[in-house]
Amino acid sequence: MSDYQETLYEGYGQRFRMDTLLHEVRTEHQHLVIFENPRMGRVMALDGVIQTTEADEFIYHEMLTHVPILAHGNARSVLIIGGGDGGMLREVAKHKGVERITMVEIDGTVVEMCKEYLPKHSQGAFDDPRLNLVIDDGMRFVANTTERYDVIISDSTDPIGPGEVLFSENFYQACRRCLNEGGILVTQNGTPFMQLGEVQTTAGRLRELFADWHFYQAAVPTYIGGAMTFAWGASDAATRSVTATTLTERFVASQIETRYYNPQIHIGAFALPQYVLQAIGKPAND
Ligand code: SAM
């Protein structure tokens, strides 16, 4: 039995015992590994960075989908950038009001290998008739599409390699162009304790583009270094201050079973630690 050592951070990282190596391949875009670990179940890593595990993926996928969709209240069309493992798609597809789901994933091998080796992530969601799966660079897609969306979810790798462009000003600008009135952009934006510069950079870009921008967070055990932040960009500030009563009504009406998300967690997630607020230049009561 060998170990898988994450290499995201110099001199600090997590190690997984690899009980079984299920698949390893250098795709056109990145190095992909999927293996079995006794505590975390099946684990996928790309270019030395843990992407998702069967044990804790629910936290991340529930928070990046139900928060914007329930805050929006009437999302009909959703765009997922990245998300090749299918977990984000699974959670979006639970919303019966959503009529159109576009998913733009740069690496078709990730989709194929996750369908085969991580079936619990997508749970058949790739067969959802509402899905339009596009294998392409998310940046190219949002720069050129004539489609409009109520919610855009950027479920990308870290800003290294193919994922780097998904943290650029051009990307956020193009996403804003693709949002309907009242639309919401949310993105994976790293763990601020370890990647505070990434949060600051995103804040500086969102500030110029969105009437309302902020971050929210959730602790995902295998995204090491503390809570992960999710960036939030919206044209309507009211979507970030939907009341617990309204969120509860919408959540109950959705009939969605969750293991992490609930309206109190939704509201609490937008409360940020002082060091993060200072880094993004926001007062505590924003
Ligand atoms: N949960 C993970 C995280 O927080 O780091 C992300 C998981 S998901 C597997 C990340 C996906 O983003 C990968 O499948 C990768 O191929 C995709 N990706 C990276 N760069 C992309 C790009 N420019 N356009 C579309 N998809 C991209």
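Order of appearance sets the numbers: ligands from 1, and atoms from 1 within every ligand. Nothing here was measured: the structure is a model prediction, and the numbers come from that model.
- Contacts with ligand 1 closer than 4.0 Å are made by no heavy atom of M139, backbone or side chain.
- For the ligand labelled ligand 1, residue E105 lies inside the 4.0 Å heavy-atom shell.
- Heavy atoms of T157 found under 4.0 angstrom from ligand 1 belong to the backbone as well as the side chain.
- Contact annotation: F141 has no heavy atom less than 4.0 Å from any atom of ligand 1.
- Scanning both residues, M139 and S168, for their nearest heavy atoms gives SD-OG, 4.1 Å.
- Between G108, C114, G82, S156, it is S156 that holds the heavy atom closest to atom 5 (O) of ligand 1.
- Counting heavy atoms under 4.0 Å from ligand 1, residue Q188 touches it through the side chain alone.
- In this structure, the side chain to side chain donor-acceptor pair (under 3.5 Å) partners of W232, at least two apart in sequence or on a different chain, are D212.
- The proximity of Q30 to ligand 1, defined as any non-hydrogen pair under 4.0 Å, is limited to the side chain.
- Under 4.0 angstrom from ligand 1, there are no non-hydrogen atoms of V49.
- Residue contacts with ligand 1, taken as heavy atom pairs separated by less than 4.0 Å, involve D136 solely via the backbone atoms N, CA, C and O.
- Under a hydrophobic-cluster definition in which Ile, Leu, Val, Met, Phe, Trp and Tyr are linked whenever side-chain heavy atoms come within less than 4.5 Å, directly or via other members, V199 and L206 are assigned to the same cluster.
- Residue contacts with ligand 1 do not include E164, since none of its heavy atoms lies under 4.0 Å from the ligand.
- Across all their heavy atoms, V242 and A71 have their closest contact at CG2-O, 3.5 Å.
- Between D85 and ligand 1, no N or O atom pair is found at a separation short of 3.5 Å.
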